[in-house]
Amino acid sequence: MTFTESILDTLRDLLPEQRPIGLHEPSFGDTEKTLLADCLDSGWVSSVGRYVDRFEQDLADVTNIPHAIATVNGTSALHTCLILAGVQPGDEVLLPALTFVGSANPVAHLGATPHFVDSETATLGVDPERLTDYLADIAELRNNICVNRHNGRPIRALMVVHVLGHPARMDALASIAEHYRLVLIEDAAESLGSWRGGRHTGSWGRLAALSFNGNKIITSGGGGAIVTSDPDMARRAKHLTTTAKQPHPWAFEHDTVGYNYRLPNLNAALACAQLEHLPERLAQKRRLAKRYATAFAGIPDLHFQLEPKNCRSNYWLNLLLLPDAEQRDQLLAAAHAEGIHLRPFWTPLHRQAMYADAPRMPLPQTEELFTRGVCLPSSAVLGGEA
Ligand SMILES: *Cc1c(COP(=O)(O)O)cnc(C)c1O
């Protein structure tokens, strides 16, 4: 049997017979219907309502991060984080090239420039040792501001991404940020329910963003949130994302150019119901990851990505690393031909047209992960019964 055939055979054994099988599909139950119906009956379907308040409180409870502010999607949450971090036009923001385009776009929306850094295989996140060496080479502090020596631009922030739900090495990355006076932002869009050493992802950054898009571990249709331990940041985030309106029973007065990034109550109702099922989803996804790990263990030259040491990952998407791009492409084509929708990593951002000229460090590990990575069907329902 060829390499591709043995992987496909394993997938056929492990997956249900239904075709096509998508990469990640949402699961809904009766709670969703009950809360959505209640929301409709109340008439409060739009941008304020008690489900928004409840969702924010529930998120803070689930993540153990004191403040959560719901937003219309994860990209708008990241945009708000960057504004509150003080990112200005002409600044640079360090972030990995191996991420979804939604991590970099809000940097560009602000007139700032993404500066791409390399990722590591162990966590799929930013490699702290390589970043340390790189910054020693290209960055220096001038008046307590980190500056890119090559072009004189301020490097304002470091955005870390918890890729496919695996926690990055936050202690090391937080100390780099502190050393260079970079505001630490976490893109935790994929990592709700992922913990490192007893801390939820998103709790190291000054600010962090979550997403509840349709393909994430739980979904509100579309939605996102900003989480932070800093009460002042939380207050400013709420204000800025709700049109910067001053509280008043009838007057509409706004103290700055705000954003309408509010999550509708209807979506928040769905989100509340989904969040109730998070523990069950996490258990299902762990079972699925375990089944994949066991099933693929017997195939030589194939690596199944396990959670990093000292971490509990949500296993949002399960990942295989193949020997090379040729094997990857053969598998992708063969699986798609029979309705199993595997997916490569996102094409790294430095290879996307709009970011081709962005500054970057050498990205060998990013290239290697992209060349070898294939994401497996990861819907919670595939985990089966306990
Ligand atoms: C999904 C995602 C986003 C964007 O979230 P949206 O809700 O789709 O706007 C940002 N970054 C990462 C890493 C994501 O996976």
Side-chain angles (χ1 to χ4, degrees), residues 4 6-29 31-32 62 100 121-125 162-167 188-196 200-201 210-219 273-299 302-322 328 331-332 334-336 338-346 369 372-386:
T4 302
S6 45
I7 297 173
L8 266 182
D9 227 41
T10 307
L11 285 172
R12 289 187 199 110
D13 269 359
L14 195 145
L15 297 170
E17 274 168 26
Q18 148 234 335
R19 296 288 181 273
I21 290 202
L23 188 73
H24 199 289
E25 278 152 15
S27 317
F28 302 114
T31 325
E32 279 79 352
V62 162
F100 176 59
T121 306
T123 64
L124 308 178
H162 303 292
V163 172
L164 310 187
H166 296 298
E190 301 173 0
S191 68
L192 179 67
S194 295
W195 300 73
R196 169 178 282 280
H200 196 279
T201 48
L210 303 175
S211 167
F212 310 102
N213 187 40
N215 63 350
K216 299 302 200 292
I217 186 161
I218 64 163
T219 183
Q274 287 268 289
L275 203 52
E276 282 189 22
H277 296 299
L278 180 65
E280 187 187 330
R281 298 283 165 266
L282 289 167
Q284 287 173 304
K285 290 174 80 72
R286 286 193 86 70
R287 283 202 295 277
L288 178 61
K290 206 165 182 183
R291 292 178 65 204
Y292 274 138
T294 310
F296 288 121
I299 303 179
L302 188 64
H303 168 86
F304 177 78
Q305 190 75 20
L306 292 171
E307 62 197 350
K309 242 191 289 170
N310 198 22
C311 292
R312 209 171 161 84
S313 294
N314 67 4
Y315 282 103
W316 172 55
L317 290 184
N318 291 288
L319 177 75
L320 284 179
L321 294 180
L322 282 78
R328 175 199 65 184
L331 177 63
L332 288 169
H336 274 257
E338 58 180 89
I340 303 175
H341 292 171
L342 309 182
R343 197 182 72 178
F345 263 116
W346 317 274
L369 283 164
R372 297 177 52 200
V374 171
C375 294
L376 301 170
S378 298
S379 307
V381 68
L382 300 175
E385 300 299 317

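- Residues L342 and C375 have side chains not in contact (no heavy-atom distance under 4.5 Å, counting atoms from C-beta outward).
- Between the CD1 atom in I7 and the CG atom in L320 there is a gap of 6.0 Å [rounded to 0.5 Å].
- Contact detail for L23 and H341: the closest heavy-atom pair is CD1-O, 3.7 Å.
- At least one side-chain heavy atom of P308 sits under 4.5 Å from a side-chain heavy atom of R196.
- Side chains of L282 and I217 form a contact here, defined as non-hydrogen atoms less than 4.5 Å apart.
- Between the side chain of T201 and the backbone N or O of W195 there is no donor-acceptor pair closer than 3.5 Å.
- When all heavy atoms of P377 and G22 are compared, the closest pair comes out as CB-O, 3.6 Å.
- Between atom CD of residue Q274 and atom OG1 of residue T31 there is a gap of 9.5 Å, rounded to the nearest 0.5 Å.
- No donor-acceptor contact under 3.5 angstrom links the side chains of H166 and T123, judged on distance only.
- A distance-only check finds a donor-acceptor pair linking the side chain of R287 to the backbone of G384 [under 3.5 Å].
- Y315 and F304 have parallel rings, their planes meeting at less than 30° on a 0 to 90° scale where 60° marks the start of perpendicular.
- Between the side chains of Q284 and R281, at least one donor N or O sits under 3.5 Å from an acceptor N or O.
- Scanning both residues, P16 and I21, for their nearest heavy atoms gives O-CD1, 3.7 Å.
- A donor-acceptor pair is defined here as one N or O able to donate and one able to accept, closer than 3.5 Å; no such pair exists between the side chain of S378 and the backbone of H24.
- Nearest heavy atom pair, residue E307 against residue R312, reads OE1-CA, 3.3 Å.
- Environment of CZ in R343: crowded, with over 12 heavy atoms of neighbouring residues, nucleotides or ligands closer than 6.0 Å.
- Atom-to-atom distance recorded for K216:NZ and N314:CG is 11.0 Å, nearest 0.5 angstrom.
- Only one option out of L124, L369, L319 pairs with V163 in a side-chain contact (heavy atoms from CB on, under 4.5 Å); it is L124.
- Counting all heavy atoms, side chain and backbone alike, L332 lies closest to V374 at CD2-CG1, 4.2 Å.
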